[in-house]
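One structure is given below, encoded as structure tokens.
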2 protein chains.
Amino acid sequence: MKISKLKPIETLTQVDKIEQSLQDYLDSANLQPGDALPKEVELAQALGVSRTAIREALSRFRTLGIIESRKNRGMLIASPDPLVNFERVMSPKLLNDDTLRDMFELRLVLEVGNCELVFKRKTAEDIEYLESVVDKEEHTAQTPKNSAVLIKYDIDFHSGLYKISGNDTLIRFQKMLMPVFMYSFKKFHPDPKQSILNHEVSHRDLLNTLKKGTVDDFRSKMKKHLRNYYDKIS
Amino acid sequence: MKISKLKPIETLTQVDKIEQSLQDYLDSANLQPGDALPKEVELAQALGVSRTAIREALSRFRTLGIIESRKNRGMLIASPDPLVNFERVMSPKLLNDDTLRDMFELRLVLEVGNCELVFKRKTAEDIEYLESVVDKEEHTAQTPKNSAVLIKYDIDFHSGLYKISGNDTLIRFQKMLMPVFMYSFKKFHPDPKQSILNHEVSHRDLLNTLKKGTVDDFRSKMKKHLRNYYDKIS
DNA sequence: TATTTTAATATGTCGTACATTTTTATTTAA
DNA sequence: TTAAATAAAAATGTACGACATATTAAAATA
């Protein structure tokens, strides 16, 4: 057997085991949000460990939003908001290149999937807003050395599209993926002006299609537009 | 002002404040994965709090995968995998209805966005596999009382589609969204057989389109197929 | 009976201590 | 002088005990 197949011995710390036990308990107890949990001392006694260790395990569930504890009263099962945990770790500097690329791809898929909603739910005001963004973008593009401003308009344009969708989940996703996207963007394209604007399909093209074209046109153009950012998905 | 606008006074616990301070420190210190962190006692001294409190705050970052600690050696910045945190809280029983619906929608958007990839990357074997799933599904549908089996085939079919995409992020998302999806499904449609199979567009239709149609056809049919599950997105 | 006081409770925070293992420093041997 | 063996220091993980504080329940009082 190849040595690369050898996995390091899992040296689970005691808190890890406690966490596992608690997870099993939570799964099996069929608890619902709002239900009370046993007290810390009870849990500690039941598992035969110190309150310190129990508290650290519980802290993990609290961090994930699975449980909530109210001072001096007790702990109870909570309803976690999955995106919150997601958002907290969306720091571009921390993510490794694989994860960055994953998030990049994810954004592209969402952006394409969003086309349907955008087309379906667009209003005159939405178009007007996007038009103003594109106007400003094109005006800025004529003057040199305005990368930061260009990036801002790029964000504004795409954020505007997500807002049209009216889908909160998408909007939140976009909000957290955007910084990651921009970070990767700068990393791989040192000259943003050239990269942002040299699109096969520009924001102006997209906007015109949104106004006068069909949803299929729009999606197709969006795909071409995004291909310029990143060619892994085509 | 409406009383509903009143938010409860935020009574931040000390650990919350410590967490905030640590977050600020991490943000400002420009640390990269692999960089070492100050020792617990140093942090405790710097903030003028006990080691217990510091440890609990650090535990939160550890839980999120932002830091890693190696016993007897020290702590360092890590590269979090955002999906891990996501997966951990994807327990349908815990999520509230709003979140459930968000996840539902998210899956639908991903499924539509995935169509492009599926069409582009499908192979003969993929088609063969999907065909076998659909065959079994249809066979089962003729006999009564097989909801669980039908659901399994439904999952197999859609999972198969994601696998074709070759996009790991999508696959992982699908894997964690599926239980949530199925849970909501059962919750809202007590008779799965009727709901699963009474599609405007069946799995068989999708498969045929995947074999002989165009990507636009496929996407369009997928949208109709999914509409039957959930009509919020159309 | 209604109100006030008291007591019990549970989490949050603190301090200390020690186990264990890695790292560093020191001592010893060749 | 260098290398090996030994000792010391260091850092996280775990445990225990204590107290603060605010809530809830119980008891006492008007």
Q: Check A:Q32 against A:I77 and note the closest heavy-atom contact, atom names and distance.
A: O-CB, 3.4 Å
Q. Do A:K122 and A:F119 meet the cation-pi criteria used here (NZ or CZ under 6.0 Å from the six-membered ring centre, within 45° of the axis)?
A. yes
Q.
For a quick check under 3.5 Å, do A:H158 and A:E111 share a side-chain donor-acceptor pair by atom type?
A. yes
Length of the line joining [X]:[atom1] and [N]:[atom2], which is rounded to integer Å:
X	N	atom1	atom2	answer
B:K39	C:dT21	NZ	P	19 Å
A:L76	C:dT11	CG	P	10 Å
B:L47	C:dT13	CG	C1'	14 Å
B:Q45	C:dC14	CD	P	14 Å

Q.
Restricting to ring pair (Phe, Tyr, Trp, His ring centres under 6.0 Å), what partner residues turn up for B:Y153, sequence neighbours left out?
A.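 In terms of ring pair (Phe, Tyr, Trp, His ring centres under 6.0 Å), with neighbours along the sequence ignored, B:Y153 is linked to no residue.
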Acceptor/donor pairs from residues 61-68 of chain A side chains to any protein atom, 3.5 angstrom cut, sequence neighbours excluded:
| residue | atom | partner | partner atom | Å |
| --- | --- | --- | --- | --- |
| A:R62 | NH1 | A:S69 | OG | 3.1 |
| A:T63 | OG1 | A:S59 | O | 2.8 |

Q.
Restricting to salt bridge (charged side-chain N to carboxylate O under 4.0 Å, His left out), what partner residues turn up for A:K163, sequence neighbours left out?
A.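 With sequence neighbours excluded, A:K163 shows a salt bridge (charged side-chain N to carboxylate O under 4.0 Å, His left out) to no residue whatsoever.
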Can you give me every donor-acceptor pair (side chain of residues 42-50 of chain B, partner residue at least two apart or in another chain, under 3.5 Å) with its distance?
| residue | atom | partner | partner atom | Å |
| --- | --- | --- | --- | --- |
| B:S50 | OG | B:T52 | N | 3.4 |
| B:S50 | OG | B:A53 | N | 3.3 |

Q | Base-contact (B) and sugar-phosphate-only (S) positions in nucleotides 13-21 of chain D, heavy-atom cut-off under 4.0 Å, - elsewhere | A | BBBB-B--B
Q) Any sub-3.5 Å donor-acceptor pair from A:R107's side-chain atoms to A:L177's backbone N or O? A)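 Here the side-chain-to-backbone pair does not exist.
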Q | C:dT21 phosphate, OP1 or OP2, under 4.0 Å from B:R73 side-chain N/O | A | no
Q: Note down the inter-axis angle between the two ends of the helix from C:dT1-D:dA30 to C:dA30-D:dT1, five pairs each, to the nearest 10°.
A: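 About 20° separates the two local helix axes.
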